[in-house]
Participant: 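Quick one: structure below, then a few questions.
A, B, ... follow the sequence lines: proteins, then strands. Residue 1 opens every chain. Source: prediction; values computed, not measured.
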There are 2 protein chains.
Amino acid sequence: MPAAPGNALSTGRGRRPVRPSGDDRELAILATAERLLAERPLSAISVDDLARGAGISRPTFYFYFSSKDAVLLTLLDRVVAEADTAMAQVFGAPAATAREGWERAIAAYYETFRAHRALTVAWAEARSSNAEVRALWSSVFERWVQQCADAIEAERARGAAPPGLPARDLAIALTSMNERVIYATFTGDGPSLAESDVVRVLLGVWLSSVYGAVEGG
Amino acid sequence: MPAAPGNALSTGRGRRPVRPSGDDRELAILATAERLLAERPLSAISVDDLARGAGISRPTFYFYFSSKDAVLLTLLDRVVAEADTAMAQVFGAPAATAREGWERAIAAYYETFRAHRALTVAWAEARSSNAEVRALWSSVFERWVQQCADAIEAERARGAAPPGLPARDLAIALTSMNERVIYATFTGDGPSLAESDVVRVLLGVWLSSVYGAVEGG
DNA sequence: GAACGAGTCAACACCGTGTCGAGTTACGCG
DNA sequence: CGCGTAACTCGACACGGTGTTGACTCGTTC
């Protein structure tokens, strides 16, 4: 039995912890996964597809990743890093007008996922079947909600926005809207917005919810 | 080979079209599905579980339904019928105040799905893997969007709401928010609202988006 | 009492996952 | 040089799920 880091070590969901050198294989698997995800959902991609695509056999695949989902998770780690960077930039440098600030935030959110739409769709798909994927999503979502809630509080504190719903509740509802609308736009099933309208429409709802007074919030 | 209506007839996704009498079996399967869905996701329920739960063998299951998904679809048909009835009532009898009208609509939407939360969660889960489930969801969603868009237009026509985003786009975004927020509340993973707050928070966003003016919508 | 159709299931074919164990190769070290 | 060891590879297997086949049992109907 060879040392199979992905299976043996329980830390870090099966990625290879030590010694590179078979790195090309690992990258080939990741590249294959990304390529195939652009054509069909993860559920329609078998481990064998990934292995063959990377020029190895199925058992060899398991030397590099502990499962199909582990590949997805590795791919998602990159996207999460990008999303966090984008978020830090947007919330780091405040904008001229409040409207512009919110627009930049929403546009950045949208752009990050649009740049990896196949992965985003796979992410949402895998969420229902894999607890780790779910947790990863939750953590990204939570950070967004927190940042937005803080921004709403700040606007209220400086008198630019009226009091109303608890900032966190509002942030949860609006961020949920963003997520669902963007996902529906990508998959295109059911009533969905045109890609060119997404940011404008979402922004409209955000602005009126944050700055419009609601009786009896 | 017996006449297996679910498999032989391509109409109507495998439900039994003719002659009752083995009806108890069919109902037993449906009841078992509903019971098991309350404990675990559809993906963790096998055809064998459903068959055993109904006191029959696996091949016999296929006499009644063409697949696991067909069972879910049959169950969902009921919920859809309920949802449509609720929607007709809400949009049929206009309320005293506009606020009350929207609140009733959102509460009805929420209540319909809350009454079948296990099924609702399974519905969302199966959406990503089954085209028919997806289509069923889309049709329900489309009807809601249409009704809401019409109601928004009506409010604007009578001067109660200012012009702004296209009514349909607004309705899509807000209905998407409802859907996602309600689902997250049911599953409870990630940041989500308390059950008791859902309707109030959603209503707040709806009211400010429909009645609050947005510059440059 | 034969014919028929509804209902039933053991046995099978198939596919996807994950594991085991026996290799092969490459490289450092005595 | 030759030997050990760790990286790496894969054929063959065990398992569990799906969906189908074909033979069987009934009850009804003429």
Participant: Assess the pair A:Phe91 and A:Trp144: is the distance between their ring centroids shorter than 6.0 Å?
Facilitator: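 When the ring centroids of A:Phe91 and A:Trp144 are compared, they turn out to be within the sub-6.0 Å range.
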
Participant: In whole Å, I'd like the distance from the OH atom of A:Tyr62 to the P atom of D:dC13.
Facilitator: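 Those two atoms, OH and P, are 18 Å apart.
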
Participant: Check the distance between D:dG22's P and B:Phe63's CZ and give it to me in whole angstrom.
Facilitator: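 Checked: the CZ to P distance equals 17 Å.
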
Participant: Can you list, in residue-number order, the parts of residues 40-53 of chain A that come under 4.0 Å of DNA chain D, counting heavy atoms only?
Facilitator: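 Heavy-atom contacts with DNA chain D come from no residue of residues 40-53 of chain A; none.
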
Participant: Counting just side-chain N and O atoms, does A:Ser57 come under 4.0 Å of either OP1 or OP2 of D:dC10?
Facilitator: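 So the side chain of A:Ser57 is within the cut-off, an N or O lying under 4.0 Å from OP1 or OP2 of D:dC10.
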
Participant: A:Asp84: what forms a salt bridge (charged side-chain N to carboxylate O under 4.0 Å, His left out) with it, not counting sequence neighbours?
Facilitator: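 Expected list: A:Arg143.
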
Participant: Should the pair B:Arg78-B:Glu34 be classified as a salt bridge under the 4.0 Å nitrogen-to-oxygen rule?
Facilitator: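 Salt bridge between B:Arg78 and B:Glu34, a charged N being under 4.0 Å from a carboxylate O: yes.
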
Participant: Any salt bridge (Lys or Arg N to Asp or Glu O under 4.0 Å) pairs touching residues 173-184 of chain B, not counting sequence neighbours?
Facilitator: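 Every salt bridge (Lys or Arg N to Asp or Glu O under 4.0 Å) pair that includes a residue of residues 173-184 of chain B, provided the two are not neighbours, is A:Glu179-B:Arg180, A:Arg180-B:Glu179, B:Arg127-B:Glu179.
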
Participant: With the side chain of B:Lys68 defined as its heavy atoms from C-beta on, choose the nearest nucleotide among D:dT18, D:dG19, C:dA6.
Facilitator: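 Within the option list, the nearest is D:dT18.
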
Participant: Determine whether a donor-acceptor pair (one donor, one acceptor, N or O, separation below 3.5 Å) exists between the side chain of A:Arg58 and the base of C:dG18.
Facilitator: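 Yes, the side chain and the base share a sub-3.5 Å donor-acceptor pair.
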
Participant: How long is the line joining CZ of B:Phe65 and C1' of D:dT18, in whole Å?
Facilitator: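 Rounded to the whole Å, the gap is 17 Å.
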
Participant: Using whole Å, what does the distance between atom P of nucleotide D:dA7 and atom CG of A:Asp23 come to?
Facilitator: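 From A:Asp23 CG to D:dA7 P: 13 Å.
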
Participant: Given D:dC10, C:dT8, D:dC8, identify the nucleotide with an atom nearest to the side chain of A:Tyr64.
Facilitator: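 Comparing D:dC10, C:dT8, D:dC8 against the side chain of A:Tyr64, the answer is D:dC8.
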
Participant: How would you list, by chain and number, every residue that makes a salt bridge (charged side-chain N to carboxylate O under 4.0 Å, His left out) with B:Glu142, sequence neighbours excluded?
Facilitator: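 B:Arg168.
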
Participant: Sequence neighbours excluded and cut-off under 3.5 Å, please list the side-chain donor-acceptor pairs for residues 52-59 of chain A, or say none.
Facilitator:
unit_1: A:Arg52; atom_1: NE; unit_2: A:Asp48; atom_2: OD2; d: 2.8
unit_1: A:Ser57; atom_1: OG; unit_2: A:Thr60; atom_2: OG1; d: 3.2

Participant: Quick one: salt bridge (Lys or Arg N to Asp or Glu O under 4.0 Å) pairs with a partner in residues 182-191 of chain B, sequence neighbours left out?
Facilitator: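 Listed by first then second residue: A:Arg134-B:Asp189.
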
Participant: Between B:Phe61 (CZ) and C:dA10 (P), how many Å, whole number?
Facilitator: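 For the pair B:Phe61 CZ and C:dA10 P, the rounded distance is 17 Å.
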
Participant: Going by the rule side chain to side chain donor-acceptor pair (under 3.5 Å), which residues pair with B:Ser43 if we only count those two or more places apart in sequence or in a different chain?
Facilitator: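 B:Ser43 satisfies side chain to side chain donor-acceptor pair (under 3.5 Å) with B:Glu125 only.
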
Participant: When the C1' atoms of the five terminal pairs at each end define the local axes, what inter-axis angle does the helix from C:dG1-D:dC30 to C:dG30-D:dC1 show, to 10 degrees?
Facilitator: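 If I round to tens, the end axes sit 30° apart.
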
Participant: In whole Å, what is the span from the CG atom of A:Asn130 to the P atom of C:dT17?
Facilitator: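 It is 14 Å, rounded to the nearest whole Å.
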
Participant: Hey, is the side chain of B:Thr60 poking within less than 4.0 Å of OP1 or OP2 on C:dG7, counting only N and O atoms?
Facilitator: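 Answer no for this pair, as no side-chain N or O of B:Thr60 is under 4.0 Å from OP1 or OP2.
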
Participant: Tell me every residue that passes salt bridge (charged side-chain N to carboxylate O under 4.0 Å, His left out) with B:Asp69, counting only those two or more places apart in sequence or in another chain.
Facilitator: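 B:Asp69 satisfies salt bridge (charged side-chain N to carboxylate O under 4.0 Å, His left out) with no residue once adjacent residues are dropped.
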
